[in-house]
Amino acid sequence: MEKNQRITFLKDYLTSKINLFHFKKMETEILKINPRNPEKSKIRKAAEIIKKGDVVAFPTETVYGLGANALDKKAIKKIFIAKGRPQDNPLIVHIHSKKNVSKLVDEIPKNAKKLMKKFWPGPLTIILKKNKSIPKNATANLPTIAIRMPKNKIALELIKQSKVPLVAPSANISGKPSPTKSEHVIEDLNGKIGMIIEGGKTDIGLESTVIDLTQKIPEILRPGKITRKQIENVIGKINVNQKSSKCKSPGTKYKHYSPKAKVIITKDEKDVRNICKKNPNKKIKQLKYPNEKTMAKNLFDDFRKADKEGYDIILVKEIKNDGLGHAIMNRLKKACSK
Ligand code: TXA
Ligand code: MG
């Protein structure tokens, strides 16, 4: 086992022990819901669990989320424990109607209104100055709050029937690739949360674009499907945070999206041949995609599959660092930087 694999193993082991200490292993209900036409009675069952102060994993258009009542301090704490998430990493608050933003902030700036109108429901998270409605542990004591309205029928109906906003990070153990299928959530969180909704494969496959509107010039903290260009067409010039060391989005400083296998970004076939030659005894998987959309949708699933199949190295060809490619390269670089 290599050093970084040993560290990952140890981290997973400790996380699981901490979880056992906090939670007795619980029965996780797994509930299949039709993503095109969600059965209301099933959503009601999930909403009951949220109202009780427990945690429910549900699909969104980006990745699966791990949802809890955003007004309930204890329920929020359960999310951090189940994921093994550092407490200084704030959560996104999910709402089902644009009107509900006014309950979370004192003032909605013009730029926020424009972006909400253009991109919500959809994969854009907006950071604003928060009011006092949401407990401090949801936002890691920050004076700001990240808000998003997802474009997924199950997610929207669940938030609506829960009658409260839902905090929801990606429904994976911290540090693992985000879940794009319910199987991934089951792998990571079965026995640790109240319910896992099975609502099909997520459409986009990468987490939402996060934009901070509390700065003079708005700044993208995490690239996603909604691109810089699309945003600039609506609100004019913005910045893109390039260095994760700057750490404006606390979550970006942690190791993310990493399979156990070593991920290497390759430039060309010569690169691939060299790596294979240098590692004759390693099991090497090369990931190939016809286009960016398919790549975004399948990348995290393929990382998990490669781990299951026992690969040591995953090779992925570099793509153009632009548009959706920018978001993909961002996740790939993080997966490489162990
Ligand atoms: O697509 C998504 O956004 C998914 C689905 C489930 O909605 N959620 C998601 O949540 O990716 P999470 O917790 O895995 O990532 C949220 C990111 C983290 O990098 C966190 O640090 C950042 O958003 N964030 C949250 N609140 C913030 C705040 N107030 N200021 C700066 N960054 C914030
Ligand atoms: Mg995450």
Side-chain angles (χ1 to χ4, degrees), residues 55-68 70 76 79-80 82-96 104-105 119-131 134-152 154-156 158-159 165-180 182 184-185 188-189 197 199 202-215 218-226 241 244 246-258 296 300 327 330-331 334-335:
V55 178
V56 173
F58 61 95
T60 79
E61 80 280 36
T62 56
V63 299
Y64 271 74
L66 188 58
I76 296 165
I79 285 186
F80 283 90
K83 274 184 65 95
R85 181 180 178 103
Q87 302 209 357
D88 64 352
N89 192 1
L91 304 173
I92 298 173
V93 176
H94 295 63
I95 54 176
H96 73 90
L104 306 170
V105 301
F119 297 113
W120 281 8
L124 180 70
T125 295
I126 296 175
I127 294 179
L128 299 173
K129 286 191 186 120
K130 70 180 268 199
N131 66 17
I134 299 292
K136 286 181 181 165
N137 64 341
T139 54
N141 277 320
L142 292 174
T144 56
I145 182 169
I147 310 172
R148 142 169 155 80
M149 179 180 176
K151 190 177 181 177
N152 175 287
I154 295 176
L156 290 172
L158 175 64
I159 305 166
L166 300 187
V167 277
S170 50
N172 52 288
I173 295 284
S174 273
K176 286 205 183 176
S178 290
T180 53
S182 56
H184 304 157
V185 185
D188 282 12
L189 297 170
I197 295 177
T202 61
D203 199 33
I204 296 168
L206 297 182
E207 308 84 349
S208 62
T209 306
V210 176
I211 183 159
D212 183 357
L213 294 184
T214 66
Q215 304 181 48
E219 182 177 24
I220 290 184
L221 303 183
R222 179 175 74 183
K225 167 98 190 308
I226 309 278
N241 180 243
S244 52
K246 240 171 141 189
C247 274
K248 285 197 179 132
S249 193
T252 54
K253 76 178 172 223
Y254 295 106
K255 179 173 78 82
H256 267 82
Y257 326 113
S258 306
F300 290 154
N330 168 274
R331 305 311 191 269
K334 279 175 193 276

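We count ligands from 1, going down the list as the structure has it; atoms in each ligand are counted the same way. Worth knowing before you read on, the calculation uses all heavy atoms, side chains too, and leaves out hydrogens, waters and symmetry mates. The structure presented is a predicted model; accordingly, all values stated were derived computationally and were not measured.
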Okay, side chain of [X], backbone of [Y]: is any donor-acceptor separation there less than 3.5 Å?
X	Y	result
Arg85	Asn89	yes
Lys83	Asn172	yes
Asn141	Lys136	no
Ser208	Leu124	no

| query | Is Leu91 close to Ile76 at the side-chain level, that is, under 4.5 Å between some pair of heavy atoms? | reply |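 Ile76 reaches Leu91 side chain to side chain.
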| With a 4.5 Å limit on heavy-atom distance, are the side chains of Pro179 and Ser170 in contact? |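 Yes. Closest side-chain heavy atoms under 4.5 Å.
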Please could you name the atoms of ligand 1 that [X] approaches to less than 4.0 Å, counting only its heavy atoms?
X	result
Ser170	8 (N), 9 (C), 10 (O), 12 (P), 14 (O)
Ala146	25 (C), 26 (N), 27 (C)
Ser208	1 (O), 2 (C), 3 (O)
Ala168	6 (C), 8 (N), 10 (O)
Ile127	27 (C), 28 (C), 30 (N), 31 (C), 32 (N), 33 (C)
Gly65	6 (C)
Leu142	28 (C), 29 (N), 30 (N)

| query | Where is the tightest heavy-atom contact between Ile147 and Trp120, given as atom of each residue plus distance? | reply |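 Heavy-atom minimum between the residues: O-CZ2, 3.3 Å.
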| request: Return the minimal non-hydrogen interatomic distance between Ile95 and Ile159, and the atom names on each side. | output: O-CD1, 3.7 Å
| query | Of the backbone atoms (N, CA, C, O) and the side-chain heavy atoms from C-beta on, which set of Asp212 has a member under 4.0 Å from an atom of ligand 1: side chain, backbone, both, or neither? | reply |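 No part of Asp212 comes within reach of ligand 1.
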| request: Please state which part of Lys129 comes within less than 4.0 Å of ligand 1, counting heavy atoms only: side chain, backbone, both or neither. | output: neither
| query | Has His94 got any heavy atom lying under 4.0 angstrom from an atom of ligand 1? | reply | yes
| query | Any N/O/S atom, backbone or side chain, of Ser178 lying under 2.8 Å from the Mg ion (ligand 2)? | reply | no
With respect to [X], determine whether any N or O atom, backbone or side chain, lies less than 3.5 Å from an N or O atom of ligand 1.
X	answer
Glu207	no
Thr144	yes
Asn89	yes
Arg148	yes

| query | Hey, are Arg148 and Thr62 close enough side-chain-wise for a donor-acceptor pair under 3.5 Å? | reply |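 There is such a pair between these side chains.
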| query | Between Lys225 and Glu61, does at least one N-O distance fall below 4.0 Å, as a salt bridge requires? | reply |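 A salt bridge is absent here (no side-chain N lies under 4.0 Å from a carboxylate O).
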